[in-house]
There are 2 protein chains.
Amino acid sequence: MRERPTLRSVALKANVSIATVSKVVNGIAAGVSEATRKEVEAAIEELGYRPNRVGRSLRSQRHQAVGLAIVDPSPRFLADPFTTNLVAGLCNQLNTNGFGLLLYGVMPGKLSESSLIRQSEVDAICLNPSGTRDEREAAMELVSGLGQPLVVFQDRPVQNLQDVCFVRQDDAGGAELLANEVMKRPRRRAVMVIADIPWPAVENRVAGFRKVFEARGVQLDLVTCDETDSQAISSGIAGYLDDHGVPDVIVGQNDQIAIACIDILTARGLEVPRDVAVTGYNAFPFTGLSRPALATVRSRAYDVGVTAASAILERLENGRFRQREYVLPLELVPGNSAP
Amino acid sequence: MRERPTLRSVALKANVSIATVSKVVNGIAAGVSEATRKEVEAAIEELGYRPNRVGRSLRSQRHQAVGLAIVDPSPRFLADPFTTNLVAGLCNQLNTNGFGLLLYGVMPGKLSESSLIRQSEVDAICLNPSGTRDEREAAMELVSGLGQPLVVFQDRPVQNLQDVCFVRQDDAGGAELLANEVMKRPRRRAVMVIADIPWPAVENRVAGFRKVFEARGVQLDLVTCDETDSQAISSGIAGYLDDHGVPDVIVGQNDQIAIACIDILTARGLEVPRDVAVTGYNAFPFTGLSRPALATVRSRAYDVGVTAASAILERLENGRFRQREYVLPLELVPGNSAP
DNA sequence: CTGAAAGCGCTAACAG
DNA sequence: CTGTTAGCGCTTTCAG
């Protein structure tokens, strides 16, 4: 294996100084004659020179990379399709603009030990927080204290932080859309089935449902369950049905949970939506699987990622975030599961 | 915002040389008295010093980071649950050992333009290739030519490459398990529904099915379709049914496709598995949704990621990969959709 | 138009 | 036990 060529080896080969090579590499037109440029380019080609990003970073203090910390109690932190699509959007938009994405999955409370935090080698950090609002704010403050631009996903803005941008889809608005859909028929009692981990987006959905249901005099109960497998969801909802009887509406925190709910209702001889209306949340391109088709909202996770990347790129360019907050509107996906 | 402290500022504060601080930071016991160590640690604490990874990298030529290139024609390259779980396993195992994961989604043929390739800042590269075998081999050679340790996912080994490790689940073996399950009843004709993008893992599955079916005198047809949405899958399989009639068995390239197949069969008044047996592939923790429950194999995607990370860590430690190939065995998930 | 040189933050060899 | 120093590869200023 030959040594990797450096500016110096190229300079040697082309009989010029490394400063000249640097100019050519960086496409700096001023101060290089066409003739030398050609020669240098030939040497670069011949040696197969590729610039060393580390040397460049050390000098320029820019790393062409963005860090993403996903705070999640599950080691399979990427299992959730929302996260998955967000990462894809972020990564694509970054890659397209010559930036890399440094991915970290971190357990709640372990953020300060993560090497993303302990050693900086990125131009900006993205944070996908989970936990209670207090825990999330603590995480935001920790990362913000690093003095790097920060993008926070899915959470509501915090006042006292500098150089931070909040990007999320309009989860409360999406919930209102679904609630209004459901309310096309008269209802008395609704149940929302949520995971036992507090997620900011879910808080917003609860708020959206509550707003509409309360205004229409509909009682809203919350049922919490472990969402890691459909078994746990089933027993969670089954417990509620046994204790409180059958409600008019079941809204799932997401599509997976809603499908599990439809399953157990069907198993008990109930018909959706005749006996119970069911709605999901966060439809993704590949989710036309349930019967009856789920009434849900189309997730903007991918766009959230793209928006964040664009905001970061722009921030790096101009020294500040243009907007402090981006809220992407959601769209109803009508289905046969409601109303 | 205060300047970020460096070795120098800590040294100044503690009235020692930067060499001494460096030793303390790196936990080098030899040559530092307990007293100075304490003083230095106090200075580090007070200044909030964190080592700069870039300076360290430049000097030590190690980056504590691994690159992952996912070659996929879809911009939503992370949509596939296999990829998702693989990334999670890889990322967790790497993070746990102080390594970062630099993620790149790249379009087929664009690999050489990717900045992961063009600028090295990682200690090893992982490649998740797609396309024809030729295209995949070209990609492997390209990356291998960088002179960095390389891990290739899901593909069969290539002979002439140095410092490469191949990690995959036993897709052919998994297909044989399913085929044998299906063959518990007599069959004449089977159809495999596959995506129009060639994936190495799918080639292996086809080979596994073919082996068993051929040995038992069962004809195996292939139907190709766009797998990006269930609509396209439905029309693909519908076309086959119209042209060739109903086969005894339909095997899907993955669970999503199999579920779409069950849908369309049911819609046509056919009963699974009475009229047609259906099998899937790559069950993930959250895939108990179809009725009848799908006969499939449990994917080892997460373990593939973990295995790769461990292999890389070991390679970086010892200078060479211990094994050239890791093939993780698959396990049947029996279901009611077959036999 | 071209080159010499300083220095980004760090490690490690070597000198004291 | 501690400090001095020479770079790692690069960008950029300043002189020629």
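What you are looking at is a predicted structure, and each value in this text was computed from that prediction instead of being measured. So that the names make sense, note that chain A is the first sequence line, chain B the second, and so on, each numbered from 1.
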| said: Using every non-hydrogen atom in the two residues, find where B:Ser130 and B:Arg136 come nearest and quote the distance to one decimal. | reply: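 Minimum heavy-atom contact is O-CG, 3.2 Å.
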
Given atom [atom1] of [X] and atom [atom2] of [N], what is their separation to the nearest angstrom?
X: A:Lys23; N: C:dA4; atom1: NZ; atom2: P; answer: 12 Å
X: B:Ile18; N: C:dG9; atom1: CD1; atom2: P; answer: 11 Å
X: A:Arg56; N: D:dC8; atom1: CZ; atom2: P; answer: 18 Å
X: A:Arg4; N: D:dG9; atom1: CZ; atom2: P; answer: 9 Å
X: B:Gln61; N: D:dG7; atom1: CD; atom2: P; answer: 15 Å
X: B:Leu58; N: D:dA6; atom1: CG; atom2: C1'; answer: 13 Å
X: B:Asn26; N: D:dT2; atom1: CG; atom2: P; answer: 17 Å
X: B:Asn52; N: C:dC8; atom1: CG; atom2: C1'; answer: 9 Å

Is there a side-chain polar atom (N or O) of [X] under 4.0 Å from OP1 or OP2 of [N]?
X: B:Ser33; N: D:dT2; value: yes
X: A:Ser17; N: C:dG3; value: yes
X: B:Thr36; N: D:dT2; value: yes

| message | As a test of reading the structure: which of D:dA6, C:dA4, D:dG3 is closest to the side chain of B:Val16, going by heavy atoms? | response |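 Comparing D:dA6, C:dA4, D:dG3 against the side chain of B:Val16, the answer is D:dG3.
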
| Between A:Arg156 and A:Glu325, does at least one N-O distance fall below 4.0 Å, as a salt bridge requires? | no

| request: Determine whether the side chains of B:Ser310 and B:Thr307 contain a donor N or O and an acceptor N or O closer than 3.5 Å. | output: no

| Ignoring hydrogens and geometry, is there a side-chain-to-backbone donor-acceptor pair from B:Asn26 to B:Ile28 under 3.5 Å? | no

| message | Between A:Leu7 and B:Arg37, which residue's closest nucleotide on DNA chain D lies nearer the 5′ terminus? | response | B:Arg37

